[in-house]
Structures are given as C-alpha cells and as structure tokens.
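Here is the structure we will look at, set down as structure tokens.
Please read these numbers as outputs of a predicted model, since none were measured by experiment.
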Amino acid sequence: MTRHYAARLWKALYASATMSLVLLFVVACGGQSSTSTTPTPGNTTPIKIGISLSLSGDFSADGKAFEQGYQLWQTDVNKSGGLLGRQVQLDIVSDASSPDQVQTNYQTLISVHHDDLVFGPFSTLLTKPASVVANRYGYAFVEGAGGGPSVFTRGLHNLFDVSLPVASNLVAFANYIMSLPASQRPTSVAYATEDDPFTQPQVDTARQVLEKGGIKTASYQVYPAETTDYNPIADKMIASGAQIVIVGTLLPDVSAFIQRFKQQHYNPQALIATAGPDQGSQFLSAIGGTKPAEAIMVPNGGWYPQAPTPGNTQMVQEYLAKYGGTAADISSDVPEAYSVGEVVQQAVAKISSLDNQKLITELHSGSTYQTVQGPVKFDDTGQNVAATAYLFQWQNGSLIPVYPTNVAKTTPEFPKPNWP
Amino acid sequence: MAKLIIDAVITGILTGGVYALMSSGLTLIFGVMNIINIAQGALVILGAYLSFVLQQNFHIDLFLGLLITMPVMFMLGILIEWAFIRPLKLERTMLSILVTFAVALIIEGVLGIQFGTSFVQLHAWYADASFQIGGFYLAYIYVFGFMLSVILLGGLYVLLYRTKFGYSLRASMQNRTAAELIGIDVERVSAVTFGIGVALTAAGGMAFGATTAFNPGSHYDLISRLLVIIILGGLGSLRGALIASLVMLVIEDVTSVVWSPVWASTVFFMLLVVILLVRPQGLFGQLEARKQ
C-alpha cells in the first residue's frame with residue numbers, strides 16, 4: 001500500500017515538474033516575442049495586434065462597439081499602407097466581461113499567439129487585471145475605456161489611456177451648476193452610483209465640487225453592479241426631495257431610474273447619468289422615445305459625431321457606410337477604440353519600430369497625438385492630460401454640447417421639463 | 001422613513017410576484033425531473049424578446065401577446081427536453097447543469113445574432129403609468145405583473161391538484177420509479193412539465209422586459225437570483241418559490257432603503273444561511289413539497 005502511494009506521489013510530482021517546464025518554456029517564448037520587433041526590410045508579414053473584448057456578458061454592448069472602432073481603424077490604417085509598411089491584423093478574443101478571463105486572454109495573446117502589440121479591452125474593471133499581464137511581459141498597453149482612477153495608482157509604466165480620465169467627467173456639469181445665479185442654483189442633490197471603478201469616481205468628484213460650493217447632499221447611495229431591482233434606490237432618491245439627480249450608471253440602470261421617476265411623478269430640475277444617455281437610439285428606445293429624454297444630460301470626453309477633430313468626419317462616414325444607421329447611433333465607444341489605434345499608429349511611425357519598450361518610452365515622451373477624440377498627451381501615470389470634459393444634453397431629439405460655452409451649440413435647458 | 005419602508009414592502013411584494021413567475025418554472029422542473037435548468041434565465045430573456053418582436057412588428061399588447069408567446073415557449077420547452085435532457089441517463093442532475101448552461105449559451109448566441117447586443121425595453125401605456133392609493137403611487141406594470149403571477153400560479157395549482165395530469169406529475173415528483181411501475185408515462189410527464197416550466201418564462205420575461213432594459217447577456221444576473229429563490233423556498237416546491245420570491249424582494253428592498261443597497265443582498269444571504277442551517281431543505285423543501 002505504501003509503495004502504491006509512493007508511486008502515485010512520484011507520478012504527481014513528475015507531472016507537476018513537467019507542467020512547470022512547459023509553462024516556463026511558454027513564458028520564455030512569450031518574453032522573446034516582445035523583443036523581436038525591429039523592422040526588417042522586405043518583411044511583409046502582417047502585424048498582429050491582440051485584443052480581448054467583451055463580446056458577451058454584461059459589457060457586450062460596449063464590447064461590440066469597441067470591436068467596431070478597432071475594425072474601422074484597421075481598415076483605415078491598412079488602406080494607408082499599414083504600420084511600417086506592413087498590414088495590420090487584429091487578433092480579437094472574447095472575455096465574456098470576466099476579469100478572470102481577460103487575464104487568461106492577454107496571457108494567451110502575448111505568450112501563445114505571439115502578437116506584436118496589444119490594445120486594451122472595455123471597462124476599467126477589465127483594464128486593471130489586463131494591464132498587469134501586459135506589464136509582466138513588457139508590452140505597451142494603450143486603451144480607451146479604462147479611465148477609472150484606480151487604474152493609474154498601481155505604478156504601471158506601460159499603461160496609457162487615450163480618453164478623458166473618468167474622474168473628471170462630471171466636472172463640467174458641476175461647474176455649470178455652480179455657474180448658475182444663486183437664485184436659480186439648486187440647493188440639494190441625490191446621488192446614486194454602481195460600485196464600479198468607472199462610475200463611482202465620477203460621482204464622488206462631482207459631489208466634492210458641489211458640496212464645496214454649498215450644495216448639500218440629500219441622498220448618497222452606492223449599489224452593487226449586479227443589482228437588478230433598482231426601485232428601492234430610486235425611491236430613496238425620490239424621498240430625499242433633491243432638486244437635482246446625479247447617477248453613476250450604465251444604460252439598464254438609468255432607464256430603470258427614469259421609469260421609476262415617471263411612475264412616482266418625481267421631476268428633478270436636472271438629471272445627469274455617467275453613461276446611458278450617450279448611447280443614442282439605444283437610449284431612446286430603452287426609455288420610450290425623445291420626449292422623456294428631453295433635457296437629460298450626460299458627460300462627454302471630447303467626442304460627438306460632428307466634433308471638428310482630425311479624421312472624425314471620415315470615421316463617421318465610414319461607420320455609416322459599414323454599419324448603417326445614423327450618426328446619432330454611434331456609440332462613444334467607437335471613437336475611444338479608434339483613438340487607441342491612432343495613437344499607436346503615430347507613435348510607431350515616430351520610432352519606426354514595434355519594440356514595446358521603445359513604444360512605452362515614446363508614449364511617455366510628452367508628445368501630443370491627434371485623434372478623433374481630440375489631442376492626447378500622457379502624464380507619468382498614463383492619463384491623457386490634453387482631454388477636456390464637455391456637458392451634453394438631449395434637446396429636441398438630439399444630443400448636443402451645451403457646456404462649456406466655447407464648445408456649446410446652445411444653452412443648457414434648465415430646469416428640466418416634467419416627464420411627458 | 002415609515003412611508004419609505006411601507007413603499008419598499010409594497011414594491012418588494014409586487015416585484016416578488018414577477019420573480020415568482022420566473023422561478024416557479026425552475027422549481028417545477030427540478031421537482032419532477034431532478035434537473036437544474038441553468039437556461040431558465042436565458043429563456044426568460046428569450047420570452048422578453050418574443051414579446052418585443054410581437055410588439056414592434058405586430059403592435060400586439062404585451063399581455064395579449066402571451067397568448068402567442070406562452071404556447072411557443074411551451075413547444076420550445078418540449079423540444080429542448082427531447083433534444084438535450086432526455087438523452088441524459090446517468091448523473092442527470094450534474095450533467096443537466098452543463099447541458100442547460102450550453103442551452104443558455106446557444107440562446108444567448110442566437111439572440112445576439114438576431115438582435116445584436118443593444119439594450120431594448122418593452123413599452124406600453126402601463127409600463128410608466130401609476131395610480132395613487134393612500135399616498136402611495138403603485139405602478140400599473142407591477143400590479144398587472146403581480147395579478148398575472150397570481151392567475152398563472154393559481155392555474156398551475158389547479159393543474160397540479162385537480163387534474164389527472166397533475167396526479168401523474170405529483171406521482172413522478174414523489175417517486176419516479178414507482179410512477180413508472182403504476183403505468184405513468186414519466187417521459188411524457190417530464191416533457192410536458194419542462195414545457196410548462198419554459199412557458200412560464202414567457203410571462204416572466206414579458207414582466208421583466210417591461211421593467212428593465214435587457215440584452216441577450218442579461219440572463220447571467222437573473223439566473224443566480226432565481227437559483228437562490230428556489231433554494232430558499234425548497235427545491236421542487238411551488239409554494240416555496242412564491243414565498244421565497246416575496247421574502248427575498250421585501251428583505252432586499254427594505255434593507256436597501258433603511259440601510260444601504262450594498263447590504264441588501266448580504267442581509268438576505270445571511271438570512272438564507274440561517275434558514276438553511278435550521279432547515280437544510282429550504283422553507284418548503286422536497287419532503288414537504290412532495291406531501292402536497
């Protein structure tokens with residue numbers, strides 16, 4: 001019996017040792033792949049860019065839009081001759097919106113698929129674990145939707161977010177409220193946010209600004225992202241009697257709040273959501289058309305279909321030609337992904353190399369890159385310091401910039417009319 | 001605060017009725033077939049999409065549309081049972097989890113191809129409207145959903161306790177082998193039961209879709225809640241599913257307004273643990289259910 005156990009133990013040890021060797025070999029190969037990147041004259045093999053996207057699960061709507069953005073950029077860069085004269089091939093795998101799967105995916109893309117470069121996934125939640133994997137292999141990690149403050153506090157040198165840092169998103173709204181004459185300025189706010197690293201920092205920053213300006217917090221709630229019954233959260237905001245409502249949401253929760261507000265005949269003077277109202281026709285469809293959308297606000301990181309940024313008109317036209325619909329249907333995820341490609345394209349052209357270490361150095365050099373979202377310039381933590389927060393509002397069926405005044409197409413509609 | 005708590009209790013009861021609709025099919029299927037249908041959440045979403053199609057393309061009212069969607073889902077349930085469940089002869093409970101998860105992924109994939117991943121919501125005049133009673137606004141959609149739940153679960157009760165098929169079904173729940181020995185066609189009973197369980201998701205899906213924006217991936221959050229409900233109520237017990245739905249929603253809603261939404265689920269799960277320690281079979285566990 002003892003010999004039997006000893007034999008089994010030996011087998012287990014042998015198997016573990018073999019697995020460890022295989023893993024070491026795979027990791028070693030992965031490490032090599034990031035260094036063999038010097039352009040070779042006449043090299044026509046496509047450049048592979050690995051991306052993990054949420055094509056199913058909670059973030060699938062955004063994941064699909066991100067895929068569209070990356071694919072539009074791929075078409076454009078290949079049309080213009082590719083990167084360093086080589087065509088670009090996207091190696092997209094799905095993470096099902098799972099923080100565990102996204103780690104496995106980037107591990108696979110780098111160490112098994114030997115992709116030359118990697119681009120970021122959707123959401124702060126997934127960017128955090130994914131960027132750690134990329135950092136381990138020395139890969140530059142340029143992304144467009146991982147702007148939560150917690151992404152930038154981990155000392156990662158390889159991480160770069162081309163979009164506006166999300167904590168600043170609601171600052172334009174807070175500044176607008178503070179700019180109102182004292183007689184019109186609301187005196188109380190109800191806050192509710194998902195416990196998500198994308199939404200909560202935005203709401204907390206706005207709260208700090210407004211409280212500093214003397215606007216009191218009537219209600220503040222944080223709820224789990226997996227919540228499916230939003231009624232008690234909405235009821236508490238209603239019971240607070242707050243004059244304005246600020247919610248840290250994605251589309252399902254903001255539409256549930258609006259439905260509850262309508263049912264309970266609660267009409268705040270202003271309603272702003274971190275995300276949801278920016279989803280164009282999807283938002284209108286969820287809340288029942290343009291009338292209930294009137295005067296609802298949403299922050300904006302610098303992009304809208306008519307934005308006068310370099311290449312934006314072309315990207316919008318290409319999107320409409322490829323996917324149909326109207327310009328208002330284009331999710332803000334699309335330009336976020338597209339901008340990732342643009343920044344990497346400009347940086348690679350500048351250094352004439354795909355070497356990830358050189359790329360990281362270039363991105364940290366203080367250079368400014370032009371994208372459809374506006375200028376991009378990274379600070380030491382990888383945040384885009386050149387981006388500006390705008391305030392958008394639904395007016396007569398269109399989502400338009402209303403603040404700050406230098407970009408506003410019209411004045412904000414305040415107070416918000418009652419629900420139809 | 002008192003008004004807020006009363007409001008939370010009312011909302012919890014009304015919303016609980018909708019969850020009872022979704023979870024009753026799950027517990028019924030487990031009671032008869034000893035399988036856990038992980039696809040129940042995806043079937044709820046499919047039911048919501050069927051209502052969406054009828055409303056968008058044919059302008060059929062959400063509740064009237066159930067006259068079409070429920071039979072369609074019933075037939076789909078029979079088809080799923082025949083194609084995926086019946087071939088499982090050994091380790092049915094364990095394998096059913098894997099197989100029905102695969103069914104859920106297939107449904108999600110097909111819905112994704114057909115409708116994309118954009119969120120949609122069902123609309124009707126009663127979805128946003130409400131009426132006032134004693135200072136409380138009651139939303140029509142929740143009241144109608146609760147009434148629908150009472151009617152359908154009442155109908156199910158009559159089917160189970162007042163019909164020959166119900167006797168066969170309950171006999172199969174109590175002892176599958178003995179039921180076969182006395183001449184009950186257990187496979188037929190299983191197929192019909194699965195069909196009924198799936199047909200109920202059409203109603204649950206309609207009510208869910210009229211109160212929440214959904215997309216093909218919305219079933220992940222839903223199935224975990226449905227499983228918790230039937231575990232609290234007792235696997236296989238219809239009465240348990242109804243009461244557990246109400247208990248869960250009322251506790252969560254009251255905790256949410258009195259304390260914090262973050263603690264809503266935690267408080268409920270702590271209660272669940274205590275109940276399972278005292279009654280491992282749940283509030284109306286199998287033994288009790290099979291006596292019914």
Chain A heavy atoms under 4.5 Å from [X]: which part of the residue, side chain, backbone, both or neither?
{"X": "B:Tyr220", "result": "side chain"}
{"X": "B:Ala124", "result": "neither"}
{"X": "B:Phe136", "result": "neither"}
{"X": "B:Ser118", "result": "both"}
{"X": "B:Ala127", "result": "both"}

For this session: Apply salt bridge (charged side-chain N to carboxylate O under 4.0 Å, His left out) to A:Glu318 and list each qualifying residue two or more places apart in sequence or on a separate chain.
Result: A:Lys79

Exercise. Which pairs count as side-chain hydrogen bond (donor to acceptor under 3.5 Å, both in side chains) when at least one residue sits in residues 251-270 of chain B, sequence neighbours excluded?
Worked result: B:Arg225-B:Glu252

Seminar exercise, completed: Sorted by chain and residue number, the ring pair (Phe, Tyr, Trp, His ring centres under 6.0 Å) partners of A:Tyr266 (sequence neighbours excluded) come out as A:Phe261

Taking the six-membered ring where the residue is Trp, are the ring centres of [X] and [Y] under 6.0 Å apart?
{"X": "B:Tyr137", "Y": "B:Phe131", "answer": "no"}
{"X": "B:Phe208", "Y": "B:Tyr19", "answer": "no"}
{"X": "B:Tyr49", "Y": "B:Phe214", "answer": "yes"}
{"X": "A:Tyr338", "Y": "A:Trp303", "answer": "no"}

Problem set entry | Under 3.5 Å donor-acceptor, B:Thr100 side chain and B:Val103 backbone | no

Problem set entry | Max heavy-atom pair count under 4.5 Å with chain A, selected residue of B:Leu222, B:Leu122, B:Thr211 | B:Thr211

For this session: Specify which of B:Ala139, B:Gly116, B:Gly217, B:Ala8 makes the most heavy-atom pairs with chain A at under 4.5 Å.
Result: B:Ala139

For this session: With A:Arg207 as the cation and A:Tyr220 as the aromatic partner, state whether NZ or CZ is under 6.0 Å from the six-membered ring centre and within 45° of the axis.
Result: yes

Problem set entry | Members of residues 105-112 of chain B whose heavy atoms come closer than 4.5 Å to chain A | B:Glu108

